[in-house]
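We're numbering straight along the sequence, starting at 1.
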Amino acid sequence: MHIRPVEKQDRAPLAALLAATENFTPQEVAVALELIDSALEHPEKDEYWVQVAEEGGPIVGYVCYGPTPMTDRTFDLYWVAVHPSKRGQGIGKALTSHVEALLRAKTARLLLIETASKESYQATRRFYLDQGYREVARIKDFYADGDDRVIYAKRLDR
């Protein structure tokens, strides 16, 4: 597997990967693509950074992250997605580990991740816990009644 920065020709394969991910609603796919587009069209803004994972050619996963405005070396991990046919093969772990290494090189202090509490995101929440993130906040009924906003954090400077 090879992880590298996103390039313009990756946009269509990333759109297909997001569409294949059954957990994402059409609205979530649209937002993910907006962040990818921003990273591709306005890299000088340094708002969103995207890395893609390839395995023998095709893109099998990606991660989007960036600095949290008005903080001291805090970053947000916005999206991690792995093609459904490739899940359970360590791609998501490789992507998050890669981002953590890149951020440590920038002397990052903290990496935050938010996700939903609905049942279909149970594997996602377990994944973050398995990667050493800890739940630091929960906002009840944030996304909808019965669907909390769950925030995970990992210190990168220790």
* Asked: Do R73 and T107 have side-chain N/O donor and acceptor atoms under 3.5 Å apart?
  -> no

* Any donor-acceptor N or O pair under 3.5 Å, side chains Q51, H98 -> yes

* Asked: Say you draw a straight line from CG of L111 to OH of Y133; how long is it, rounded to the nearest 0.5 Å?
  -> 4.0 Å

* **Distance (rounded to the nearest 0.5 Å) between E119 CD and D147 CG** => 11.0 Å

* **Among L35, V80, V99, I113, the one residue meeting side-chain contact (heavy atoms from CB on, under 4.5 Å) with Y65** => V99

* **Ionic contact status for R125 with D130, cut-off 4.0 Å** => no

* Asked: Between W79 and F24, does the ring centroid distance fall short of 6.0 Å?
  -> yes

* Is the side chain of T71 donor-acceptor paired with the backbone N or O of T68 at a distance under 3.5 Å, no angle test? -> yes

So do [Y] and [X] actually touch side chain to side chain, heavy atoms under 4.5 Å?
X    : Y    : answer
R134 : Y152 : no
R11  : L14  : no
E54  : R4   : yes

* So which of R87, Q89, H83 actually passes side chain to side chain donor-acceptor pair (under 3.5 Å) with S85? -> H83

* Candidate pair F142 and D148, rule side-chain contact (heavy atoms from CB on, under 4.5 Å), full reasoning -> CA-CA 5 Å; F142 181 82; D148 307 343; 5.8 Å; no

* Asked: According to the interplanar angle, ranging from 0 to 90°, do the rings of F75 and W49 count as parallel (below 30°), tilted (30 to 60°) or perpendicular (above 60°)?
  -> tilted

